Amino acid sequence: MAEEEGPTVELRQRKKLKSSENKESVKEEKISDTPIPERAPKHVLFQRFAKIFIGCLAAVTSGMMYALYLSAYHERKFWFSNRQELEREITFQGDSAIYYSYYKDMLKAPSFERGVYELTHNNKTVSLKTINAVQQMSLYPELIASVLYQATGSNEIIEPVYFYIGIVFGLQGIYVTALFVTSWLMSGTWLAGMLTVAWFIINRVDTTRIEYSIPLRENWALPYFACQIAALTGYLKSNLNTYGERFCYLLMSASTYTFMMMWEYSHYLLFLQAISLFLLDSFSLEQSDKLNVKKGTFIAKIMKVINFYLVCTLTVTLNIMMKMFVPHKENGHMLKFLEVKFGLNMTKNFTMNWLLCQESLQAPSQDFFLRLTQSSLLPFYILVLIICFLSMMQVIFRRIGGKSLKETITLEDGRIGGRPEIIYHVIHTILLGSLAMVIEGLKYLWTPYVCMLAAFGVCSPELWMTLFKWLRLRTVHPVLLALILSMAVPTIIGLSLWKEFFPRLMTELMELQEFYDPDTVELMTWIKRQAPVAAVFAGSPQLMGAIKLCTGWMVTSLPLYNDDDLLKRNENIYQIYSKRSAEDIYKILTSYKANYLIVEDAICNEVGTTRGCRVKDLLDIANGHVVCEEGDKLTYSKYGRFCHEVKINYSPYVNYFTRVYWNRSYFVYKINTVISFQS
């Protein structure tokens, strides 16, 4: 009892301190007036230590097991240890290939300083373009990985590729551990953490993209964001002592800074988080000394307005300040994309329509919700969210009505909506979920939250007690029943998940899958053996990323979508699949100093499942060769589709392009040097 009295007295004193005149007097009053709680009995301390020890051991073990699982699954999927270096590198697709290629460049550099300089003044990747690759592509993970690889002497023990993917898998283990701890902090039992991990792994198709693309920025960044959320959850808890607050604050600061370094889109996620904290403070659901906002007087109201401005415009202000020193237009396309996405504008632009056709930027499919329902995740999440949200609204309306509420919330109160950390997570998950319902790619931010919140709810006696309070349960003692359900429900869920999904996970590890792409291997081998070192290749951005990684040759474009110039290049190069003349294509390619053109049969003869989303269809719409809306004029093209016509080897195509290599998937043409154009 003495142990529980300390936090209660401190909370009552915090309420009094809100009306203090300045921060110094608040600190002095806290230090002088807070009584020192009596020491708890030894058996209570031992029980608490054992609970924390077992929970921490379970959290760390879960993270390690998940990292080992990813490593084993990756090996089974790609036969990584049995492949040559070229075949391993081909498994990195699209923008992932670019990230890993710069990691290789850093390892080849004579010194770290020289390597950084070459990346920040890079003119060996894209023809006629010098880029700051570190800033534009957020290459801090590759810089850190290269330093660790050489500084730890790992170059004598392990191959670079294994070291690189090992770091990413290790971060995923930290990711899972952080989710475990967050759910544990919210529910008070590490059983919630175990259920969070189980749901995360079972639904990993919708929780992470680590299986498809290891070097993605989000795979490096989200583990740090999860650590920040865990620290923030602990910081918002009402019964946290001063030392705990300081630790959580330091962890929040460090993880937030690292998160911002790792991902160029981190400020959007932090903006949503700032909105959640602002709403939490606006509803007076947290102690004012934790959010530093005063209320009451006229001056305080002015400060409130300033606080709202800072919260809502901080990222925009920082972005404007950065552009004053480093002018660029890398995010201009995003605003245009959002306008078209939400129907505020219409466009025939190839790039915008191509982005809209990407599966990750469309609304979630029914299969997504079906998968979450089959694992029982979605039903329990909805139940937990409804109870927490209604309880939160109940607390807010009571405070608006002037009713006094107890600062210390007990299990008998059945008022889970009065806990600040719970309300923050409810607001945050609603914001993330709203965005995920519009753009499927954002489900990788929301679904881990769903796992954590659902697991916390079913394991929390307070949530069940809140429900029983509304139902006015009389037949059975509600507290006892809440405690029983908080243990029984997650146990039943865990056993059912184990019975249904554990055999599937083991089967995945036992099956030897095959990633075999001989045509691409042959193409890369030919380029390394036959093409001049100074040659420049043109083709689809995804293929150009693979060429940059596997051969090191210069290319005309990259699979990056945060730079207007690169987006324009991609659109121009894609014209090789349109109905344009040989002369037009030749002029486009030579304007980028291209020496070789690669035509992909998969794009030229693409059979898309979505009508109008094939590359050649989008090009026809952009070039006006088809009618896409009523009133549009059809522009007839007297030329056939270039990618088909160039294969026939007749004039005028042979005057500009000479086929030098081909296989089942790729056709490589040398761009001839001509003096006069023939019609």
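Computed from a prediction, not measured in an experiment: that's the story for all the values here. The analysis underlying the following values was restricted to heavy atoms, covering all of them including side chains, and did not include hydrogens, waters or symmetry mates.
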Stepwise, does the salt bridge (Lys or Arg N to Asp or Glu O under 4.0 Å) test hold for Lys443 with Glu440? CA-CA 6 Å; Lys443 70 181 181 181; Glu440 185 175 9; 3.3 Å; yes
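- Under the side chain to side chain contact (heavy atoms under 4.5 Å, CB included) test applied with Tyr596, the options Val660, Val536, Ile547, Ile671 reduce to a single match, Val660.
- Using modelled atom types, no side-chain atom of Ser96 and backbone atom of Phe92 make a donor-acceptor pair closer than 3.5 Å.
- Ring centroid separation for the pair Phe657 and Phe642 comes in under the 6.0 Å cut-off.
- Taking the centre and axis of the six-membered ring of Tyr577, the NZ or CZ atom of Arg614 falls outside the cone set by 45° and 6.0 Å.
- Using a 4.5 Å heavy-atom cutoff, the side chains of Val646 and Ile585 are not in contact.
- Side-chain atoms of Arg83 come within 3.5 Å of backbone N or O of Phe78 as a donor-acceptor pair.
- Panel note: side chain Asp584, backbone Arg580; no donor-acceptor pair is recorded below 3.5 Å.
- For residues 92-128, there are no disulfide (SG to SG under 2.5 Å) pairs, not counting sequence neighbours.
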Between Glu606 and Lys616, does the salt bridge (Lys or Arg N to Asp or Glu O under 4.0 Å) criterion hold? Intermediate values first, please. CA-CA 8 Å; Glu606 181 181 4; Lys616 52 188 179 182; over 6 Å; no
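- Residues forming a ring-ring contact (aromatic ring centres under 6.0 Å, His included) with Tyr99 (at least two apart in sequence, or on another chain): none.
- In this structure, Glu264 and Gln135 have side chains that are not in contact, with every pair of non-hydrogen atoms separated by 4.5 Å or more.
- Counting only distance, with no hydrogens or angles, the side chain of Asn203 and the backbone of Asp206 share no donor-acceptor pair below 3.5 Å.
- Counting only residues at least two apart or in different chains, side-chain hydrogen bond (donor to acceptor under 3.5 Å, both in side chains) contacts with residues 542-551 comprise Asp105-Lys548, Gln542-Tyr561, Gln542-Tyr574.
- Between Pro223 and Gln172, the shortest heavy-atom contact is CG-NE2, 4.0 Å.
- Side-chain contact check for Phe169 versus Ile210: some heavy-atom pair is nearer than 4.5 Å.
- Pairs engaging residues 120-146 under the ring pair (Phe, Tyr, Trp, His ring centres under 6.0 Å) rule: Tyr117-His121 [sequence neighbours left out].
- Stacking of Arg529 on the aromatic ring of Trp526 is not recorded, the 6.0 Å distance cut-off and the 45° axial limit not both being met.
- Of the residues Tyr653, Tyr650, Tyr639, the one that meets the side chain to side chain donor-acceptor pair (under 3.5 Å) test with Glu645 is Tyr650.
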Output, in order, the C-alpha distance, side-chain angles, deciding distance and verdict of salt bridge (Lys or Arg N to Asp or Glu O under 4.0 Å) for Glu89 and Lys104. CA-CA 11 Å; Glu89 291 176 347; Lys104 285 179 56 180; 2.7 Å; yes
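- In terms of modelled atom types and a separation under 3.5 Å, the side chain of Asn663 and the main chain of Asp519 share a donor-acceptor contact.
- Atoms OH and CG, from Tyr444 and Leu216 in turn, are 10.0 Å apart once rounded to the nearest 0.5 Å.
- Side-chain contact between Phe225 and Ser255 is absent, with no heavy atoms from C-beta onward closer than 4.5 Å.
- The number of heavy atoms from other shown groups lying within 6.0 Å of CD (Glu75) is above 12.
- With contacts defined as side-chain heavy-atom distances shorter than 4.5 Å, the pair Val205/Phe368 does not qualify.
- Using modelled atom types, one finds a donor on one side chain and an acceptor on the other under 3.5 Å when comparing Gln136 with Asp563.
- Remark: Phe369 CZ is packed, more than 12 non-hydrogen atoms of other residues, nucleotides or ligands lying under 6.0 Å away.
- For Gln273 and Gln228, the side-chain atoms include at least one donor-acceptor pair closer than 3.5 Å.
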Begin with the C-alpha distance, continue with both residues' side-chain angles, and end with the deciding distance and a verdict on salt bridge (Lys or Arg N to Asp or Glu O under 4.0 Å) for Lys568 and Asp564. CA-CA 6 Å; Lys568 188 62 179 176; Asp564 286 340; over 6 Å; no
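- Checking side-chain atoms of Arg641 against main-chain N and O of Cys604 turns up no donor-acceptor pair under 3.5 Å.
- Smallest separation of non-hydrogen atoms from Leu445 and Leu432: O-CD1, 4.0 Å.
- Looking at Gln575 and Ser578, their side chains do bring a donor and an acceptor atom within 3.5 Å of each other.
- Taking both residues in full, the closest heavy atoms of Leu549 and Ala97 are given as CB-O, 3.6 Å, listed atom of the first, atom of the second, then distance.
- For the residue pair Ser557 and Met544, the shortest heavy atom distance occurs at O-CB, 3.2 Å.
- Between the side chains of Thr130 and Asn123, no donor-acceptor pair is found at a separation under 3.5 Å.
- Remark: side-chain polar atoms of Thr590 are paired, donor with acceptor, to backbone N or O of Lys587 under 3.5 angstrom.
- Every residue two or more places apart in sequence or in another chain that forms a ring-ring contact (aromatic ring centres under 6.0 Å, His included) with Tyr162 is listed here: Phe80.
- In this pair, Tyr656 and Tyr586 present their aromatic rings tilted. The plane angle is within the 30 to 60° band.
- Across every non-hydrogen atom of Val654 and Asn649, the tightest pair is CG1-C, 3.3 Å.
- Neither side chain, Ser665 nor Asp601, offers a donor N or O lying under 3.5 Å from an acceptor on the other.
- Around atom CD of Glu85, no more than 12 heavy atoms belonging to other residues, nucleotides or ligands sit under 6.0 Å away.
- Partners of Tyr103 under the ring-ring contact (aromatic ring centres under 6.0 Å, His included) rule, at least two apart in sequence or in another chain, are Tyr100, Tyr164.
- Under a 3.5 Å cut-off, the side chain of Asn122 and the backbone N or O of Thr125 do form a donor-acceptor pair.
- Residues Ile439 and Leu435 fail the side-chain proximity criterion, which asks for heavy atoms closer than 4.5 Å.
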